[in-house]
Trainee: 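Below: one structure in structure tokens.
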Amino acid sequence: MAIDESGERTGQYEPPVAALAERVAGAVITPEQPEYDEARTVWNGLVDRRPAAIVRCTGTADVVACVDFAREEHLPLSVRGGGHNVAGTAVCDDGIVVDLSELRGVHVDPNRRRVRVAGGATWADVDREAQQFGLAVPGGVVSDTGVAGLTLGGGFGHLRRTYGLSCDALRSVDLVTANGDALTASADEHEDLFWALRGGGGNFGVVTSFEFEAYPLGPDVAGCLVFHPAARATEAFQFLREYAADAPEEVSPLAFTATVPDEPEFPETARGEPVVGFFACYAGEDLETGLNVLAPLREFDTPVLDFSGIMPYTEFQRVLDEDYPDGRRYYWKSTYLTGLSDAAIDAIVAASETAPSPLSTVDVWQLGGAIADVDEGETAFGERDAPYMLGIEANWDDAEGDDANIAWARELYETMQEFSPGGLYVNFPGFGEEGEELVRAVYGDNYDRLQQVKARYDPDNLFRANQNITPAPSA
Ligand SMILES: Cc1cc2nc3c(=O)[nH]c(=O)nc-3n(C[C@H](O)[C@H](O)[C@H](O)COP(=O)(O)OP(=O)(O)OC[C@H]3O[C@@H](n4cnc5c(N)ncnc54)[C@H](O)[C@@H]3O)c2cc1C
């Protein structure tokens, strides 16, 4: 047994997990235990890793103990927030999983419009508590996604053009660093770390608590989820381009191609039909104004299905949850777009028509608004000027389909490079197979500074089960 260049153990080695169990209050789950398989399972059914131990942390002290143990024993370490990372980075082989799934508390201070969120919470947890006080934190568009991974990588949701990315709403972060220090990063303390945490992913420590600014919204919102016939897909994306040119910042539309799922909640006549959809909500105060602003998306053609209307914000946030069940096979990639030219639209529509799986979708997210109001150097998040992001979601059920579906997503990603300023959204990274080349492209001019911060807080790269920023070499 030895320790390799990355500081990891090689060869046969039995980590003294019993010693770790004595140092933590939470459950330590090892391969011999019946709950092991369930505990190591994450959302993406393609991911099959076998950690040495999964520690269900009960608080910061457990997190410190796990970080100290992994560092002292030279073991891989991964961090599980909501377990929804597309690349499955919440789990590692042969190492320690810092599992925060029991730390889901949310506390709202309505007077200061601040929401404190524990490191393992989901967006459903946040929406539920914040809506008690008529508030919302900019999250994602599926409620069972983890707050932690999504926020640390940026965070695009329905409020993105109105209030910015999830990481833009952060006001402070409590985290445990690689040497086991529990500290707070904010605009006034550890400013460089706070800068890096807003977009730099899980590279800098384990976040035990986030403090967000929240904004008035709800309880009802005007929401739009409408499916039109796929035969109009080209015109629908062209229509998005026109609509987006004048759209108020209170609306953040997304257009997508899909197939109506073969599920009982959809009318039998529509099931299996290819469609093009629009998805958005209105984040302004007046519901009637919201319905009017969203109406053109609904009236673009005679809808195949229309779920739009006035509904509770918490319900709108959950409307897609069932489309992404745990255990399905997923490979998601993304690229930013410099615009939505006819040629780019043709490429998107052609690829949608040849997707090997009817469960797959291609999504165009309008960006701009509050995202672009923040200077690119102000936070670590890499791309703020692109007007659109393309999400490529390969979703399928059978292992035999792995190669074809992954190849389809990669091919579309390659095709779209001629329409892209480069880089991708770090939370839709495929499997991050491009390694450091990808991470450099994601962060652009911010990468060097991120490497400096990494060298200060994690010089031995303990936190590397992620889209990894390598520490700057010491001078
Ligand atoms: C169904 C679905 C819908 C999605 N929708 C959106 C969307 O609308 N908008 C969007 O922007 N993204 C979206 N995403 C992508 C999402 O942002 C990422 O998958 C994100 O990583 C999920 O976070 P998590 O906490 O659930 O992940 P996990 O798998 O738990 O963790 C992923 C990584 O985040 C880091 N991490 C997690 N918790 C912590 C912590 N407490 N401290 C430090 N590091 C931590 C670690 O590096 C870890 O490897 C979606 C993903 C899915 C699966």
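Remember, it's 1-based here, ligands and their atoms both numbered in the order they're listed. As the structure is a prediction and not an experimental result, all values here were calculated from the model.
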Trainee: Going by atom types only, do Thr335 and Ser420 share a side-chain donor-acceptor pair under 3.5 Å?
Mentor: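 A pair is found: one side chain offers a donor N or O, the other an acceptor, under 3.5 Å apart.
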
Trainee: Quick check, are the ring centers of Tyr457 and Phe204 under 6.0 angstrom apart?
Mentor: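 No - the distance between ring centres of Tyr457 and Phe204 does not fall below the 6.0 Å cut-off.
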
Trainee: Which of the atoms in ligand 1, numbered in the order shown and given with their element, are less than 4.0 Å from a heavy-atom of Val206?
Mentor: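 Numbered from 1, ligand 1 contributes 42 (N), 43 (C).
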
Trainee: Between Tyr330 and Trp43, is the ring centroid distance below 6.0 Å?
Mentor: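 They qualify: ring centres under 6.0 Å apart.
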
Trainee: Could you tell me whether the side chains of Ser166 and Thr151 share a donor-acceptor contact shorter than 3.5 Å?
Mentor: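 The criterion, which ignores hydrogens and geometry beyond distance, is not satisfied for Thr151 and Ser166.
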
Trainee: With heavy-atom distances below 4.0 Å as the criterion, list the atoms of ligand 1 near Gly146.
Mentor: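 The atoms of ligand 1 under 4.0 Å from a heavy atom of Gly146 are 23 (O), 24 (P), 25 (O), 26 (O).
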
Trainee: Assign the ring pair Phe381 / Tyr425 to parallel, tilted or perpendicular, where the plane angle (0 to 90°) is split at 30° and 60°.
Mentor: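 The arrangement is tilted - the two ring planes meet at 30° to 60°.
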
Trainee: So does Arg49 get a backbone contact from the side chain of Arg40, meaning a donor-acceptor N/O pair under 3.5 Å?
Mentor: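 Yes, because the side chain of Arg40 sits within donor-acceptor range (under 3.5 Å) of the backbone of Arg49.
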
Trainee: Ligand 1 versus Phe204, non-hydrogen atoms closer than 4.0 Å: side chain, backbone, both, neither?
Mentor: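 The answer is neither; Phe204 stays 4.0 Å or more away.
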
Trainee: Verify whether one side chain among Arg318 and Ser143 offers a donor that lies under 3.5 Å from an acceptor in the other.
Mentor: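 Judged by distance alone, the side chains do not pair up.
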
Trainee: For atom 31 (O) of ligand 1, what's the nearest protein heavy-atom neighbour? Residue, atom name and distance, please.
Mentor: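 Nearest neighbour among protein heavy atoms for atom 31 (O) of ligand 1, to 0.1 Å: Val79 O, 3.9 Å.
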
Trainee: Would you mind running through ligand 1 and noting each atom that sits below 4.0 Å from a heavy atom of Gly119?
Mentor: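 So the answer, numbered in order with elements, is 41 (N).
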
Trainee: Ignoring hydrogens, just give me the one of Thr122, Thr151, Thr89 whose non-hydrogen atom is nearest atom 33 (C) of ligand 1.
Mentor: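 Nearest option to atom 33 (C) of ligand 1, by heavy atoms: Thr89.
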
Trainee: Please work out which of Leu152, Leu254, Val207, Val86 has its closest non-hydrogen atom nearest to atom 44 (N) of ligand 1.
Mentor: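 Closest candidate by heavy-atom distance is Leu152.
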
Trainee: For Trp365 and ligand 1, answer yes if some heavy atom of the residue is under 4.0 Å from a ligand atom, otherwise no.
Mentor: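 Under 4.0 Å: yes for Trp365.
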
Trainee: Between Gly140 and ligand 1, is there a nitrogen or oxygen pair with a distance under 3.5 Å?
Mentor: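 It does not: no N or O of Gly140 is found under 3.5 Å from an N or O of ligand 1.
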
Trainee: Please check this pair: side chain of Gln131 against backbone of Arg128, looking for a donor-acceptor N/O pair closer than 3.5 Å.
Mentor: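 No; judged by distance alone, with no hydrogens or angles, the pair does not exist.
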
Trainee: Going by the order shown, which atoms of ligand 1 are within less than 4.0 Å of some heavy atom of Val142?
Mentor: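 Within the 4.0 Å cut-off of Val142, ligand 1 contributes 1 (C), 3 (C).
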
Trainee: Return yes or no for this condition: an N or O of Val147 is under 3.5 Å from an N or O of ligand 1.
Mentor: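 N/O-N/O distance below 3.5 Å does not exist for this pair.
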
Trainee: Check Asp397, Asp402, Asp403 against Arg329 for a salt bridge (charged side-chain N to carboxylate O under 4.0 Å, His left out) and give me the one that passes.
Mentor: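 Among Asp397, Asp402, Asp403, the one meeting salt bridge (charged side-chain N to carboxylate O under 4.0 Å, His left out) with Arg329 is Asp402.
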
Trainee: Are any of the heavy atoms in Ser78 under 4.0 Å away from ligand 1?
Mentor: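 Heavy atoms of Ser78 never come under 4.0 Å of ligand 1.
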
Trainee: Of all the non-hydrogen atoms in the protein, which one sits nearest to atom 24 (P) of ligand 1, and at what distance?
Mentor: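 Heavy-atom neighbour on the protein nearest atom 24 (P) of ligand 1: Gly82 N, 3.5 Å.
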
Trainee: Tell me whether ligand 1 is touched by Gly205 - counting only heavy atoms on the residue side and a distance under 4.0 Å.
Mentor: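 Flag set, Gly205 near ligand 1.
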
Trainee: For ligand 1, find out whether one of its N or O atoms is nearer than 3.5 Å to an N or O atom of Gly81.
Mentor: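 There is such a contact, yes.
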
Trainee: Do Thr314 and Asp127 pair up side chain to side chain, a donor and an acceptor below 3.5 Å, judged on atom types alone?
Mentor: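 No, because no side-chain N or O of Thr314 sits under 3.5 Å from a partner of the opposite role on Asp127.
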
Trainee: For Ile371, is there any backbone N or O sitting under 3.5 Å from a side-chain donor or acceptor partner on Arg384?
Mentor: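 A pair under 3.5 Å: yes.
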
Trainee: Please list, in number order, the atoms of ligand 1 under 4.0 Å from a heavy atom of Gly155.
Mentor: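 This gives 11 (O) as the contact atoms.
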
Trainee: Checking Arg449 against Trp195: charged group under 6.0 Å from the ring centre and within 45 degrees of the axis?
Mentor: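 Geometry flag: set, cation within 6.0 Å and 45°.
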
Trainee: Which atoms from ligand 1 have a heavy atom of Ala148 less than 4.0 Å away?
Mentor: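 That gives atoms 37 (C), 38 (N), 39 (C), 40 (C), 41 (N) of ligand 1.
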
Trainee: Do the numbers put Arg198 on top of the ring of Phe194, so that NZ or CZ is under 6.0 Å from the six-membered ring centre and no more than 45° off the axis?
Mentor: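 Judged by the rule (NZ or CZ under 6.0 Å from the ring centre, within 45° of its axis), Arg198 counts as positioned above Phe194.
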
Trainee: Do any N/O atoms on Gly149 end up under 3.5 angstrom from N/O atoms on ligand 1?
Mentor: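 So ligand 1 has an N or O lying under 3.5 Å from an N or O of Gly149.
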
Trainee: Out of Thr145, Leu100, Asp144, whose heavy atom sits nearest atom 16 (C) of ligand 1?
Mentor: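 Going through Thr145, Leu100, Asp144 one by one, Thr145 has the nearest heavy atom to atom 16 (C) of ligand 1.
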
Trainee: Within the structure, does Gly83 bring an N/O atom to less than 3.5 angstrom of an N/O atom in ligand 1?
Mentor: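 Yes.
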
Trainee: Closest non-hydrogen protein atom to atom 32 (C) of ligand 1, residue and atom name please, with distance?
Mentor: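 The closest one turns out to be Asn85 CB, 3.4 Å.
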
Trainee: Judged by atom type as modelled, is there a donor-acceptor pair below 3.5 Å linking the side chain of Arg161 to the main-chain atoms of Gln366?
Mentor: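 Such a contact is absent between Arg161 side chain and Gln366 backbone.
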
Trainee: Run the numbers for me: atoms of ligand 1, each under 4.0 Å from some heavy atom of Trp43, listed by number.
Mentor: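 Near Trp43, the atoms of ligand 1 are 1 (C), 53 (C).
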
Trainee: Using distance alone, with no hydrogens and no angle criterion, decide if Arg241 and Tyr388 have a side-chain donor and acceptor under 3.5 Å apart.
Mentor: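 Short answer, no.
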
Trainee: For the 3.5 Å polar cut-off, considering only N or O atoms, please tell me whether Trp332 and ligand 1 meet it.
Mentor: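 No, since none of the N or O atoms of Trp332 sits under 3.5 Å from an N or O of ligand 1.
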
Trainee: For atom 15 (C) of ligand 1, which candidate among Tyr425, Phe463, Phe428, Phe156 holds the nearest heavy atom?
Mentor: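 It is Phe428 whose heavy atom sits nearest to atom 15 (C) of ligand 1.
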
Trainee: Under the side chain to side chain contact (heavy atoms under 4.5 Å, CB included) test against Cys57, which residue among Thr208, Val206, Val24, Val98 passes?
Mentor: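 Exactly one candidate clears the test, Val98.
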
Trainee: Starting from atom 19 (O) of ligand 1, which protein heavy atom do you reach first, and at what distance in Å?
Mentor: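 Ranking protein heavy atoms by distance from atom 19 (O) of ligand 1, first comes His84 O, 2.9 Å.
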
Trainee: Return the residue, atom name and 0.1 Å-rounded distance of the protein heavy atom closest to atom 8 (O) of ligand 1.
Mentor: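 Among all protein heavy atoms, the one nearest atom 8 (O) of ligand 1 is Val141 N, 2.8 Å.
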
Trainee: May I ask which of Leu150, Leu77, Asp326 has a heavy atom nearer to atom 12 (N) of ligand 1 than the others do?
Mentor: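 The residue whose heavy atom sits nearest atom 12 (N) of ligand 1 is Leu150.
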
Trainee: Considering distance alone, does some N or O of Arg80 sit under 3.5 Å from an N or O of ligand 1?
Mentor: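 N/O-N/O distance below 3.5 Å does not exist for this pair.
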
Trainee: Atoms of ligand 1 less than 4.0 Å from Ala90 heavy atoms?
Mentor: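 Listed by number with element, the hits are 28 (P), 29 (O), 30 (O), 49 (O).
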
Trainee: Using distance alone, decide if ligand 1 has a nitrogen or oxygen within less than 3.5 Å of any nitrogen or oxygen in Asn466.
Mentor: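 By distance alone, the answer is no.
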
Trainee: Please find out if less than 6.0 Å separates the ring center of Tyr313 from that of Phe316.
Mentor: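 Centroid distance Tyr313-Phe316: not below 6.0 Å, so no.
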
